Amino acid sequence: MAARIRWRLLSAALLVLAVLPATLTSQPGDRAAAGLMSTPLLRRPVALALADEGKWLFVANQAGTISTIDTEKLRVVSERRAGGKLSDVAALPDAEFVVALDEESSNAIFLKRSGANLEPTVKVAVPPYPVSVTVSANGERCFVASLWPRRLTEIEFAPALRSGRTPPITRTMALPFAPGKQLLVRGDKKLIVADSFGGKLAVLDTATGKVESVNELPGHHIRGLAVTPDGSRLLVSQQVLHPRATTAFEDIHWGNLVTNNVRSLDLDLLLRPGGDPLRGSRSLPLGEVGKGAADPAGLMIARDGTIVIALSGVNEVIIGRERETTWSRRGVGTRPTALVPGPGSTRVYVANTFSDSISVVDVKKQIVLEEIKLGSGPGALTEAQRGEMLFYSAHLTHDRWFSCNSCHVDGHTSGFLNDNLTDGSFGTPKRILTLRGVADTGPYAWNGSMPDLESQIRKSVKTTMQGPDLIESEVSDLAAFLRSLPPAPAMGSFQPSQERSIAERGRKIFADQGCGVCHTPPTYTSGKAYDVGLTDEVGNRYFNPPSLRGVSQGGPYFHDGRARTLEDVLVVFGHLLKRQLSREEVHALVAFLRSI
Amino acid sequence: MRACCLTVLLAISPALTLAQDKPAASESAATEKTGNPVAAKQLWAVTDVILENHADPPTRQQMLLSALKKLFKKADATPPQDLSRRVSEITRSEQFAALLDEIATDVHPKPSQKDPESPDTLLEGVLECVPGKPFFMSAANAKVNKQVAANQYVGTGIQIRMNETEKMAQIMNPFRRGPARRAGARPADLIVRVDGRSTEKVALGTVVQWLRGPKGSEVTVDVRQPGSKEVRTLHIVRDTVPIDTVLGYRRASEDTWKYALDSDSAIGYLRIDSINSSTLHELRQAERRLQADGVRALVIDFRAGSSAGNLHDGELVADGFLDGGVMWRIRDAHGHVKDIQADRDCLFRDWPIAVLIDDTVVDNLTPAVAAALQDNRRAVLIGQPTRNDGLVKRLVELPDNLGVITLLSGRLERAVAGRGWPLRPDHEIALTASQQKEVHRWLEEKQMTELPAGRTDAPPVDPQLAKAIGVLQAALKGAKSSARL
């Protein structure tokens, strides 16, 4: 029943989107822009930037458009297409240009600004899957993080843009993890880059491009970074999946399994190579019993130290100060992700990704002033789109402590272990598998006990999330969303061509060694459970082979994460190899695994 | 027939820990019949469970013989000379059933002798010969125990006892935030009627039964203070009753604590009354308040705690205090040893901690946590050696809803080789008998929503706490001077 009510609420929210009056979007601007503003479109805002001392708010939409909001009148005044699938936006310090990232074309797009209007000028091709951009305070350069290629690209744009040339890429830097959020600190001398899935934080020297340190925080799913006004501490919004807790009702109820945190780190210690950034750190839990705070995302700190965090899984923002014990929570739109402080930090603008709206929050009064709709929606959503909304919603979990997305971050994996009943018992924590490419890789669960995705979804929501009974349409919506997720792109696909010839040699070794018996192409899995010489804590020996598509983006490996790398799988554990492989053969086989 | 996933480190007391004084009973101490006498087939299944789950079980025949001997003993009858031989020849449950039928006519247990919370005579006999003295709980009490362990107890939220002068049940303590307290219950209230039924001369267990009910249901309770004729009617809606396991130093209000010590505001004090599913959460909440108060060092007081809880919850709590490291090891029935590892997420990070223990700590749960802190040099232990044995017991469900028993499933080993049980403090400080009495009363009264008339929450003379304060002050001073260097 609860599930039905919830779905009715969701439907009602969608109806509101569908019947928005066109007048909201028919503000001054060119005719084409006005046309776009009134076009039914699922916009999905994901990033925000301000210009002209906060007069204009630019909203990057996954639909590929940028909406401009007049922050005095609190309404959309223009919208224009900038790319195919935007992931981030930033205003350059002189506010003459705005840079947006387009995941579809793998470009950083520079748009010249005139008041509310934006005009694309130049595009810079960057490594695929650009997900975040940060601009130096001096307005000289920006850094673009590319997710799956694990690359950071430095673009020196200032002189080029002034003379109308395409800005050059001055440096690309490899990272040991898939990057997400980034933040320039200490007068832009250091760049902090956060892991998109796990809990790593890299520190780069912006003068040399060198990765100076990589620290692993307890936790994962880092979605917000900010430095305190005195510059002494870095705040990180994240989640912690506690390794000793189980998915039993009481562990979820009391917040023992997942906590949603802001971690406050001593910035000096983090920046010092070899330093332990956890020394002197504090962790502020955001949720309460009965009222979890799933999936903290965008984070800002006002000049007076007030912290605002978007709680993307529960459709709220939370407002408070580090030393205060009681923080306020206010409802905003569906799935608030990004937020940006207005001038003087008196207001904060929040992008509600799933309700195609921007919430305006008064930080001091702690009230929501307005929810600005970005335009009319498409009317009806597809099954997969509805499933996506459920996937990111903590309403599927007891007391809203977490969502599907919390562990299967953006459909991938945090890489951690979790002790749940999917394998039939507690005391046997198993590695969280990626859901990317999950469509045709059944049966499911480590022991292969779930014949289809729908059964696995029902069981996970019931026993892992202690959530409500799903109605059939919710199950099929979630399944449709999961089936729409492509496999994680192979790391090898971003490598130079010589790597590919090595991978070809590896393909032969894969065949000769009989790996394909269990990991059968093209899905690189098969329908049975096999005894591969590994045993879990209660003696289970039969496991369904996980698909190897995108395996280079996963890890650690095996059911309990005992192998840190693919090399370890082959060398340390000799995983069902017919004979010991030479170093060159291991190299080739790993290159092949990195190519699929 | 399946074993619970709970691992317990103690024999759970029949009063299930909510009751603090012998004559007292909480609602959870309600008694229920254990059902019909155990049939031969059921007893056979019980022996299956023991053989399957016990680390060092007796043979089946030993268990069956012990059961039959108990039957004769209860009936004041002498067992036949060949009983032992006949039992030793039994290999199938049908054979046992036949033997039981044959001798049953000689040994009728007297119904009046049956304690409702005790196992059936045959079952009692089986349990008597099982090493580790399994503790028996009726199915009803096992359910309540599970609720208590999860801090999800459903009821009116009161501890009651029999007032012998007035011959009626009396509320000792209405728990903070509990439904009874919300409805206006006060300590010492005499329960005059429950849903219109007079409680005068009614057994305590019966009153408890009347008070029990499902979540959301209402019970009307008429109460009056002793010596008063004014009867108040309380409409109590049964609900989940959260019982605080982490308490502070002095009372700030009925529901809030002052955590910093009177003598040194940089040192905070937390009383961990028991460890259950909510304890880690409560510690997280306390950490934020302590940080807001500017506290930088911590006393954890485990003395005179309630002895109940699951090892799983102890793992979570120890892990919460530690920044990595092995907490302890579990040696199972087959001799396999498993390291129980802490992760790097850590409460009260960098704070010096002193833990108070004493010889009233008899279970294995708080010593396990304290030992993990000692072995990882996370805390200094002060007080007296504990009296725990390091035996790990497991809650196992018996077939046909017969109840639940605890079975020995392994041994708890220290993270540092060469250390064992009972746990020894780093600084052994004894209290005089009168000091200990006062300290324990002060600790136990922290759970009281209101203090009894004439009592205050002023801390008593406590050389163990004084030593902890000295140790922490020295640690804070050391940290300060090293920071200067």
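All values below were derived from every heavy atom in this structure, side-chain atoms included, with hydrogens, water molecules and symmetry-related copies excluded. Worth saying up front: this structure is predicted, and the values here are computed from it rather than measured. Every chain is numbered from 1 and lettered A, B, ... according to where its sequence line falls, protein lines coming before strand lines.
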Contacts with chain B made by residues 263-276 of chain A (heavy-atom distance under 4.5 Å), listed by residue number: A/Arg263, A/Asp276
Modelled atom types, side-chain donor and acceptor of A/Thr259 and B/Arg284, under 3.5 Å: no
A/Trp254 side chain vs B/Asn276 backbone, donor-acceptor pair below 3.5 Å: no
Side chain / backbone / both / neither for B/Glu282 at chain A, heavy atoms under 4.5 Å: neither
Min side-chain heavy-atom separation B/Leu316-A/His242 under 4.5 Å: no
Enclosure of A/Arg564 CZ (heavy-atom neighbours >12, cutoff 6.0 Å): no
Chain A interface, residue from B/Leu280, B/Asp319, B/Asn151 that has the most non-hydrogen pairs under 4.5 Å: B/Asn151
Top contributor to chain B interface from A/Gly255, A/Ala248, A/Pro285, A/Ala245 [non-hydrogen pairs under 4.5 Å]: A/Pro285
Within-4.5 Å side-chain heavy-atom neighbours: B/Asp343 and A/Arg244: no
Residue A/Glu324 versus chain B: region with a heavy atom under 4.5 Å: backbone
Distance (rounded to the nearest 0.5 Å) between B/Arg289 CZ and A/Arg323 CZ: 15.5 Å
Proximity breakdown for B/Asp345 and chain A, heavy-atom pairs closer than 4.5 Å: both
Approximate separation, where rounding is to 0.5 Å, of B/Arg349 CZ and A/Ser283 OG: 9.0 Å
Residues of residues 217-235 of chain A near chain B, each having a heavy atom less than 4.5 Å away: A/Pro218
Partner chain A: residue of B/Arg288, B/Lys338, B/Glu315 with the largest heavy-atom pair count (under 4.5 Å): B/Arg288
Residue B/Lys143 excluded, over 12 heavy atoms near NZ under 6.0 Å: no
Closest-packed option against chain A by number of heavy-atom pairs under 4.5 Å, given B/Cys346, B/Gly294, B/Ser278: B/Ser278
Within 6.0 angstrom of A/Arg279 CZ, more than 12 heavy atoms from elsewhere: no
Top contributor to chain A contacts, counting heavy-atom pairs under 4.5 Å, from B/Ala150, B/Pro242, B/Ser277, B/Ala292: B/Ser277
CA sep, side-chain torsions, deciding dist, call: B/His312, A/Asp251, side-chain hydrogen bond (donor to acceptor under 3.5 Å, both in side chains): CA-CA 10 Å; B/His312 173 70; A/Asp251 272 0; 2.6 Å; yes
Value rounded to 0.5 Å, distance of CZ in A/Arg282 from CD in B/Glu287: 9.5 Å
